[in-house]
There are 2 protein chains.
Amino acid sequence: MEFKRLKYFLAVAEELHFGRAATRLDMAQPPLSRQIATLEAELGVQLFDRSRSQIRLTQAGAVLQDHARQILDRLDAAYRETKLIGSGGAGRIRIAFVGSASHGLLPTLIKSFRSFYPDVELALSAMNNAELQHALVSREIDIAVARPELKDEEFRRELLCRERLILALPDNSRFSGQSEVRLTDLADQTFVLYPRRPRPSYADVVLGICEREGFKPAGLELTQDFQSAISLVSVGVGLSVVPESVGRTQRPGVIYRPYVGYNPGTALTVHARLDNRAPQVMNFMDITRKFARKH
Amino acid sequence: MEFKRLKYFLAVAEELHFGRAATRLDMAQPPLSRQIATLEAELGVQLFDRSRSQIRLTQAGAVLQDHARQILDRLDAAYRETKLIGSGGAGRIRIAFVGSASHGLLPTLIKSFRSFYPDVELALSAMNNAELQHALVSREIDIAVARPELKDEEFRRELLCRERLILALPDNSRFSGQSEVRLTDLADQTFVLYPRRPRPSYADVVLGICEREGFKPAGLELTQDFQSAISLVSVGVGLSVVPESVGRTQRPGVIYRPYVGYNPGTALTVHARLDNRAPQVMNFMDITRKFARKH
DNA sequence: TCGTGCGATACCTTTTGGGTATCAGACAAC
DNA sequence: GTTGTCTGATACCCAAAAGGTATCGCACGA
């Protein structure tokens with residue numbers, strides 16, 4: 001059974017005239033007659049009653065007409081829907097990001113993507129860098145937003161933003177009154193850093209900054225993620241060094257301050273597997289590139 | 001878009017292996033690869049992710065798989081249903097018959113057809129010969145059961161049965177006591193005959209019998225159909241001459257008697273248009289032929 | 001590093017589909 | 001009745017498409 005035959009059949013069934021149907025189908029009449037004859041032979045059924053000058057559908061033809069209409073409609077729907085998903089206009093992307101990204105440009109990027117592709121479903125989750133790396137490699141996620149980035153040759157990457165580091169201090173800290181704090185003055189403080197595992201991690205970046213400033217923090221508290229670290233700061237366990245964007249969201253018990261001292265800053269980078277050419281993912285990376293350029 | 005391609009695509013989508021899919025489809029692997037590639041090109045969409053050794057469906061591929069399954073199922077259903085109707089195993093026949101046929105072999109014939117083709121819908125109606133002829137020619141009906149038959153070269157016909165004529169007498173008639181009545185003794189009676197129009201009709205057949213017996217009925221009442229004639233007999237208006245089979249159904253106020261005299265009998269004949277080769281109709285004629293032979 | 005497995009490509013053959021010319025039958029007008 | 005016209009079917013040819021075999025290229029595992 002050929003698909004084209006059904007289309008031909010429908011044209012003849014509607015025109016009830018081979019010549020006109022052929023014109024409508026933009027073809028000559030003889031091949032059309034032959035195709036209908038083939039269809040009839042294939043079904044072993046008479047579809048048209050040709051005994052009069054005006055042809056008419058047989059009962060079997062009428063039934064086939066109903067079915068053919070539905071089948072062609074479905075086919076068209078399948079065609080369009082597949083193309084839509086194939087072009088990335090619909091479907092699903094699984095995105096994971098580091099906890100500290102939830103305050104900065106990422107939410108805006110996601111809103112922007114949503115406005116371009118409202119029919120693409122986004123499955124969001126938070127992970128630390130190591131988990132992001134594993135999830136991306138094992139294809140559990142499609143997009144990883146890491147800080148500052150994941151080292152892997154298998155990934156395609158787009159820099160989302162660079163930002164400076166600032167201090168997150170308990171609001172009862174003796175430094176909280178000052179508008180500017182020297183990093184070296186904090187040598188006697190407890191630093192709350194993350195993640196605990198695996199090392200080296202962002203915690204080591206901060207410890208490296210301290211070392212460069214010539215001190216080692218008097219106390220060190222390691223948490224599994226950014227959210228836990230900020231919680232510890234808010235209850236006065238110690239202070240933390242965090243990306244600037246985090247400071248834009250106020251949190252009870254925590255105040256943010258810039259500091260004087262070595263500030264290499266940090267970055268957010270969006271990653272995808274190089275071999276994941278899914279149009280949804282490609283589109284997300286494109287939007288990211290344009291978005292980063294604009295901000 | 002070709003149907004074959006969808007079938008091929010489904011095989012590959014299920015096997016996730018071109019070689020195995022090709023084996024299952026009983027073809028070589030290269031043309032299968034090409035067909036899938038053509039399908040992808042046609043949709044402008046990647047259906048399989050071939051970046052790993054094990055191929056996998058893309059999102060678009062998964063969507064197309066759903067649709068393709070449904071489309072092929074529908075196609076199969078269309079195929080089967082059309083064949084069924086095309087073979088006469090389902091569908092509809094419009095049958096009309098003379099009123100006097102509803103007591104004889106016709107109901108049994110119809111039951112017999114029903115048992116052979118339970119899924120064929122029968123639309124039944126009663127008409128006189130002239131109406132049957134017109135309805136059959138104008139394709140308002142497919143089958144006409146007439147008495148004794150319709151004269152038209154355009155009809156295919158099967159003799160259903162021959163039968164003798166008998167008298168239908170009012171039960172208060174002076175003849176109703178006799179087991180046998182001479183036709184010539186009825187010359188002074190009123191004959192109730194049918195149909196009134198158009199002439200000549202069955203009424204004229206009966207009048208011809210009287211003429212051959214050498215008399216003309218004293219009274220003549222013409223009705224439009226058999227049912228009305230029997231009703232008039234039952235209320236004592238006169239007597240009628242009817243097919244033998246009618247006598248098998250008793251009716252209050254009417255008794256049936258054979259008669260002595262010229263009895264050419266009558267027949268029931270089943271007609272269809274010669275150019276109506278609808279399988280349902282052909283099957284009905286076949287059943288009629290076998291049925292008539294058996295009885 | 002080399003084999004092995006798998007999909008893609010090259011190239012040929014067969015099948016199918018479409019085109020033009022023409023036939024055959026039905027219907028209408030004269 | 002005869003003839004012209006309309007319509008679907010048939011004959012025949014050519015182009016396009018689909019299938020087959022041989023082989024390539026690439027990735028993965030030993």
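Just so we're on the same page: letters track the sequence lines, and every chain starts at 1.
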Student: Closer than 4.0 Å, any side-chain N/O of A:H17 to the OP1 or OP2 of D:dC6?
Tutor: no
Student: On DNA chain D, nearest-nucleotide positions of A:R34 versus A:E40: which is more 5'?
Tutor: A:E40
Student: Does OP1 or OP2 of C:dG17 have a side-chain N or O of A:R5 closer than 4.0 Å?
Tutor: yes
Student: Rounding to a whole Å, what distance do you find between B:M27:CE and C:dG7:P?
Tutor: 14 Å
Student: In this structure, how many angstroms lie between the P atom of D:dC28 and the CD atom of B:Q54, rounded?
Tutor: 12 Å
Student: To the nearest Å, how far apart are A:F18 CZ and D:dC6 P?
Tutor: 19 Å
Student: So, is A:Q29 close to the D:dT7 phosphate, meaning a side-chain N or O under 4.0 Å from OP1 or OP2?
Tutor: no
Student: Quick test of your reading of the model: are A:R139 and A:D275 salt-bridged, counting only N-O distances below 4.0 Å?
Tutor: yes
Student: Check this one for me: any side-chain N or O of B:Q35 less than 4.0 Å away from OP1 or OP2 of D:dG19?
Tutor: yes
Student: What is the distance from CG of A:L16 to P of D:dT7, rounded to the nearest Å?
Tutor: 13 Å
Student: Closer than 4.0 angstrom, basic N to acidic O: yes or no for A:R94 and A:E140?
Tutor: no
Student: Kindly state whether the ring of B:F3 and the ring of B:F9 have centres lying under 6.0 angstrom apart.
Tutor: no
Student: Among side-chain atoms of A:E42 and A:T38, is any donor-acceptor pair under 3.5 angstrom?
Tutor: no
Student: Could you give the CG-to-C1' distance, from B:D26 to D:dA18, as a whole number of Å?
Tutor: 15 Å
Student: Do the side-chain N or O atoms of B:S33 get closer than 4.0 angstrom to the phosphate oxygens (OP1, OP2) of C:dA8?
Tutor: yes
Student: D:dT7 P sits how many Å from A:E15 CD, rounded?
Tutor: 12 Å
Student: Tell me the interatomic distance from B:Y8, atom OH, to D:dG20, atom P, rounded to whole angstroms.
Tutor: 8 Å
Student: May I ask you to decide whether B:R156 forms a salt bridge with B:E149, counting only side-chain N to carboxylate O separations under 4.0 Å?
Tutor: no
Student: From C-beta outward on B:A28, which listed nucleotide comes closest to its side chain: C:dA8, D:dG20, D:dG19?
Tutor: D:dG20
Student: Once you round it to whole Å, what is the distance between C1' of C:dC27 and CD of B:E154?
Tutor: 14 Å
Student: By nearest atom, which of the nucleotides D:dT10, D:dT21, C:dG19 is closest to the A:P30 side chain?
Tutor: D:dT10
